[in-house]
Amino acid sequence: GQCRAVCNPDNSDGRCIDGGCEVGRCDDGYDDCDNLDVNGCEIDVRSDANNCGRCNVRCLYPGAAGVCSNRACELGPCNSNQHNLDGNAANGCEYACTAIPGVDTPDTARRDGNCDGVDGDVDDAVFVAPAPLGRTGNPGTIAAPVNTIAEALNIARNTPRSYLIVAQGVYDEQVVVENGVSIYGGYTPQNAWVWTRGTKVDAPTVIGATNIGVIASNINQPTILSGLQIRSESTGVAGASSY
């Protein structure tokens with residue numbers, strides 16, 4: 001347009017057309033997303049979360065910030081009180097939970113105090129569920145529970161862990177309570193191990209077998225049984241007792 005007026009838009013080779021300076025080809029990694037010549041190719045599409053890879057491609061995740069890294073959209077930090085509990089980046093930070101200070105143990109409020117996905121501490125619990133989810137020989141973790149309370153108590157004794165978290169169902173076995181190992185029932189693993197009140201309507205956790213359903217002897221440490229229905233069987237003998 002005039003002497004010594006260099007046409008050099010940002011991040012682009014300029015084109016002088018009819019005395020006007022226009023954006024030409026953008027440099028690698030940049031794009032002209034606002035179609036304005038004055039600021040050239042203004043967007044770095046390698047790292048801009050609102051223009052990731054190309055213009056107007058937003059990098060978004062539920063409950064989290066999206067991060068554009070080398071033109072690829074990746075999961076960034078979770079928003080406040082949101083957690084990526086399942087480890088799946090595709091659904092972002094899917095778990096909404098506000099942490100509560102202190103140790104998280106199962107309680108009547110059934111609150112997930114440490115935001116690990118269950119009322120209690122997944123690292124301090126042995127998980128029990130009927131087959132096919134629960135299996136003999138499993139480690140008793142939230143993802144791989146055992147299917148009997150006896151095996152879970154044995155794991156708790158040897159690990160050690162403080163309590164059992166038991167899914168709804170019927171456990172046809174005599175339970176010998178372990179000193180200091182509590183048993184909490186009424187959980188639903190199909191619904192992320194959420195606790196529901198153990199009533200007949202809500203499909204309770206039923207434990208017990210033989211004429212003595214549960215045995216608790218020599219217990220001298222705090223040991224809780226909660227959210228359970230305890231069942232014993234008839235002896236079939238006149239005058240004999242069930243406990």
Side-chain angles (χ1 to χ4, degrees), residues 103-114 116-243:
V103 178
D104 184 18
T105 55
D107 53 45
T108 54
R110 303 301 181 185
R111 296 173 298 183
D112 182 7
N114 63 353
D116 62 358
V118 69
D119 174 32
D121 188 333
V122 295
D123 295 325
D124 198 27
V126 183
F127 291 83
V128 190
L133 177 61
R135 294 180 182 273
T136 299
N138 274 355
T141 60
I142 193 170
V146 295
N147 63 356
T148 67
I149 291 172
E151 185 174 3
L153 287 169
N154 185 58
I155 292 173
R157 182 190 312 116
N158 295 322
T159 314
R161 298 183 212 171
S162 300
Y163 44 84
L164 274 53
I165 290 181
V166 188
Q168 294 174 343
V170 177
Y171 300 85
D172 191 14
E173 55 182 306
Q174 185 185 76
V175 175
V176 180
V177 178
E178 183 75 19
N179 190 27
V181 180
S182 298
I183 305 175
Y184 298 92
Y187 290 82
T188 53
Q190 300 85 355
N191 188 25
W193 289 89
V194 171
W195 180 85
T196 55
R197 186 174 300 279
T199 67
K200 291 182 179 180
V201 175
D202 293 329
T205 298
V206 181
I207 66 173
T210 76
N211 67 313
I212 303 178
V214 172
I215 297 174
S217 61
N218 298 318
I219 301 297
N220 56 29
Q221 299 178 36
T223 307
I224 297 169
L225 303 184
S226 176
L228 306 168
Q229 287 187 12
I230 301 174
R231 179 186 67 186
S232 60
E233 300 171 356
S234 171
T235 64
V237 178
S241 296
S242 294
Y243 300 87

Decide yes or no for D124 and Y163: does some side-chain heavy atom of the first lie under 4.5 Å from some side-chain heavy atom of the second? yes

For the side-chain contact (heavy atoms from CB on, under 4.5 Å) test, which of V166, T205, D119 pairs with Y187? D119

Do the side chain of S182 and the main chain of I224 share a donor and acceptor less than 3.5 angstrom apart? yes

Is the shortest side-chain heavy-atom distance between V122 and T141 below 4.5 Å? no

Less than 4.5 Å apart, side chain to side chain, heavy atoms only: is that true for P130 and Y171? yes

Smallest separation among heavy atoms of A125 and I165, with atom names: CB-CD1, 4.0 Å

Between CD1 of I212 and OG of S241, what distance do you get to the nearest 0.5 Å? 9.5 Å

Output for pair (N179 CG, L153 CG), nearest 0.5 Å, gives 11.5 Å

Would the distance check show the side chain of S242 and the main-chain N or O of E233 forming a donor-acceptor pair, the cut-off being under 3.5 Å? yes

Within this structure, what is the CZ-CD distance for the pair R135 and E151, rounded to the nearest 0.5 Å? 12.5 Å

Heavy-atom donor-acceptor pair, E178 side chain to R157 backbone, under 3.5 Å: no

Heavy-atom check, side chain of L164 versus side chain of I155, under 4.5 Å: no

Examine distances only and state if a side-chain atom of Q174 and a backbone atom of I215 form a donor-acceptor pair shorter than 3.5 Å. no

Can you tell me if S234 uses its side chain to pair, donor with acceptor, with the backbone of G236 under 3.5 Å? yes

CG (N211) and OH (Y243) are apart, to the nearest 0.5 Å, by 7.5 Å

Close side-chain approach of V146 and T136, heavy atoms under 4.5 Å: no

If you take all heavy atoms of A129 and L133, which pair is closest and at what distance? CB-CD2, 4.0 Å

Flag side-chain contact, heavy atom, 4.5 Å: D104 against D112: yes

Spacing of CD1 belonging to I207 relative to CD1 belonging to I149, to within rounding of 0.5 Å: 5.0 Å

Ion pair check, D172 and R231, cut-off under 4.0 Å: yes

For a 4.5 angstrom cut-off between non-hydrogen side-chain atoms, does L225 reach V214? yes

Got a donor-acceptor contact below 3.5 angstrom from the N147 side chain to the V128 backbone? no

Test item: T105 and D121 side chains (from C-beta on) under 4.5 Å apart, heavy atoms: no

